[in-house]
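As structure tokens, the structure follows; a few thoughts come after it.
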Protein chains: 2
Amino acid sequence: MNTLSYGLLSLLSHSPLSGYDLMLRIQPFWPAKHSQIYPLLSALEKENQVSFETVSQSDKPDKKVYSITSKGLASLREWLAEPASDPVMRDELMLKAYCVSAVDPVIARPLFQRRLEHYEAKLIRFEEKIASIQRDGGLSDGESPNYHSDRFGAYILLNKAMMSSRTNIEWCRWVLDLIPNTNENSGND
Amino acid sequence: MNTLSYGLLSLLSHSPLSGYDLMLRIQPFWPAKHSQIYPLLSALEKENQVSFETVSQSDKPDKKVYSITSKGLASLREWLAEPASDPVMRDELMLKAYCVSAVDPVIARPLFQRRLEHYEAKLIRFEEKIASIQRDGGLSDGESPNYHSDRFGAYILLNKAMMSSRTNIEWCRWVLDLIPNTNENSGND
DNA sequence: AACCTCATGTAACCAGTTACATGATTCG
DNA sequence: CGAATCATGTAACTGGTTACATGAGGTT
């Protein structure tokens, strides 16, 4: 049982999902391709951590909808009791930032400009999702779902994502202010 | 040439370093073990991207000190001109957070409490390093090194790390306020 | 003597990505 | 009819971790 397997159990603890849906939903928290997820689901099924039923769809191909079993939920609870390992962040931009002075500002600026736009787009999506959770739970702005609500997990995760995006936006703008703007090829957008 | 190889060139663009030192210094930006770094350095040396000289030390074992070559610097500049790929973050705590309602608050709280302490410790180290860069550059509080200064890269990276730590601390405290504190086993610290 | 840090390297394994492969359904 | 999305799977490869291996020098 590796971390991704527990991640799949974590998602399934809220509702049954197909392998394809699991792959899409786990992306923001633990990026993984379908080729990694399908074999793990087979393994989890062999260990009776999850079960599946084939669901026919009229408009789309058939799918295997997985549910967590009581054994899977027990594994999940044991895993939750253990300390979480340290986060791992790998960002090519950080490696580039360290040696950015080796190139002209005209080369350097787009690196941070692109990243700024990336986080601005993400921020909008996160804010929309938080608003939708609050609508669904009948909560006013700033109010949080109860700890025992099944929206609690998604709510705290989305808030982390939103806060991180804002910090990254702030940092990108701060860096862009520090890089000389020689205005080469200005006015071309 | 993979991303880690460029990361090594990035570090070497500031000053010559041993494989061991490279391994220690790249940790905050791109975690890697010595077993991954030594073979890459050999490969970079074969391609004449880096060169090394063996340095004898009286108090410690001999070391191979690597320097970037002009060919290595050219590769680095080409790489800098390409857009940086999206950052990859994998954090077990995020997977646990999503299903945290499956366990008692007494199990849940320490997860976030430990992470809070982790980021508080990191924040102190980052603030110290920023202060030391500012001292070395003869800068007053809030002043930044010039883009063309060789401290610029480290300075903007440390500021990102500091800002992220603060955001994470804020988030952990906010989550801890949302998790009911049943005060089981209280007063034991 | 046992242990820690510094220092370099290889081997075996696990995790993750890219590519290959198939097929249904919908949309333009 | 070609492209896009949904859906599932395997094979080959690359990236990254753990373990094995060695050895100098200093600390307890």
Side-chain angles (χ1 to χ4, degrees), chain A residues 1-9 11-12 16-46 50-66 79 85-92 94-95, chain B residues 1-9 11-12 16-46 50-66 79 85-92 94-95:
Chain A
M1 286 285 283
N2 56 21
T3 308
L4 179 53
S5 300
Y6 284 110
L8 296 171
L9 290 182
L11 290 185
L12 292 175
L17 289 167
S18 68
Y20 190 80
D21 281 337
L22 283 164
M23 183 266 292
L24 293 177
R25 296 207 192 189
I26 208 160
Q27 295 308 317
F29 313 115
W30 198 277
K33 314 285 176 183
H34 73 274
S35 54
Q36 197 180 4
I37 287 169
Y38 289 128
L40 290 180
L41 283 171
S42 295
L44 286 169
E45 200 263 332
K46 266 170 208 147
V50 300
S51 61
F52 74 88
E53 55 174 340
T54 305
V55 172
S56 301
Q57 299 177 112
S58 50
D59 50 337
K60 294 172 200 171
D62 294 2
K63 60 181 175 179
K64 288 163 84 170
V65 174
Y66 288 87
W79 173 69
S85 46
D86 289 347
V88 172
M89 166 78 139
R90 285 199 176 89
D91 186 353
E92 203 176 358
M94 298 304 100
L95 300 176
Chain B
M1 287 286 283
N2 56 22
T3 308
L4 179 53
S5 300
Y6 285 110
L8 297 172
L9 290 181
L11 290 186
L12 292 176
L17 289 167
S18 67
Y20 190 81
D21 281 337
L22 283 164
M23 181 266 292
L24 294 177
R25 295 207 193 189
I26 208 161
Q27 295 308 315
F29 314 116
W30 199 277
K33 314 288 176 180
H34 73 273
S35 54
Q36 197 180 2
I37 288 170
Y38 289 129
L40 290 180
L41 283 171
S42 296
L44 286 169
E45 199 264 333
K46 267 170 209 149
V50 301
S51 61
F52 72 89
E53 56 174 339
T54 306
V55 172
S56 301
Q57 299 177 113
S58 52
D59 51 336
K60 295 172 199 169
D62 296 0
K63 61 181 176 181
K64 288 163 85 170
V65 175
Y66 288 87
W79 173 68
S85 48
D86 289 347
V88 173
M89 166 77 140
R90 285 198 176 90
D91 186 352
E92 202 177 358
M94 298 304 100
L95 300 176

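Remember, it's a predicted structure, so these values are computed and weren't measured experimentally. Chain letters run A, B, ... following the sequence lines, proteins first, then strands; residues in each count from 1. Note that these values count all heavy atoms, side chains included, but never hydrogens, waters or copies made by symmetry.
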Not counting sequence neighbours, which residues clear ring-ring contact (aromatic ring centres under 6.0 Å, His included) with B/Phe52? List them please.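 Scan of B/Phe52 (ring-ring contact (aromatic ring centres under 6.0 Å, His included), adjacent residues dropped) gives B/Tyr66.
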Between B/Met1 and B/Leu9, is any pair of side-chain heavy atoms under 4.5 Å apart?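 Result yes, sub-4.5 Å side-chain heavy-atom pair found.
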Residues B/Met89, A/Asp91; criterion side-chain contact (heavy atoms from CB on, under 4.5 Å); working and verdict: CA-CA 8 Å; B/Met89 166 77 140; A/Asp91 186 353; over 6 Å; no
Could you grab the distance from atom CG of B/Leu17 to atom CG of B/Leu22, nearest 0.5 Å is fine?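 Going from CG on B/Leu17 over to CG on B/Leu22, the span is 5.0 Å.
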Could you give the distance from OG (B/Ser18) to NZ (B/Lys60), rounded to the nearest 0.5 Å?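 Rounded to the nearest 0.5 Å, the OG-NZ separation comes to 9.0 Å.
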Give the rounded distance in Å between these two atoms: [atom1] of [X] and [atom2] of [N].
X       : N      : atom1 : atom2 : answer
A/Tyr6  : C/dA15 : OH    : C1'   : 16 Å
B/Leu24 : C/dC6  : CG    : P     : 7 Å
A/Lys60 : C/dC27 : NZ    : P     : 11 Å
A/Leu22 : D/dC6  : CG    : C1'   : 14 Å

What one-letter contact string describes nucleotides 8-17 of chain D from 5' to 3', where B marks a base within less than 4.0 Å of any protein heavy atom, S marks contact via sugar-phosphate atoms alone, and - marks no contact? BBBB---SBB
Identify each donor-acceptor pair in which a side-chain atom of residues 24-43 of chain A lies under 3.5 Å from a protein atom, sequence neighbours left out, and give them as a table.
from    : atom 1 : to      : atom 2 : distance (Å)
A/Gln27 : NE2    : A/Met23 : O      : 2.7
A/Gln27 : NE2    : A/Ala32 : O      : 2.5
A/Ser42 : OG     : A/Tyr38 : O      : 3.4

When you measure from the side-chain N and O atoms of A/Gln57 to the phosphate of D/dC6, is any distance below 4.0 Å, counting only OP1 and OP2?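 No, because none of the side-chain N or O atoms of A/Gln57 sits under 4.0 Å from OP1 or OP2 of D/dC6.
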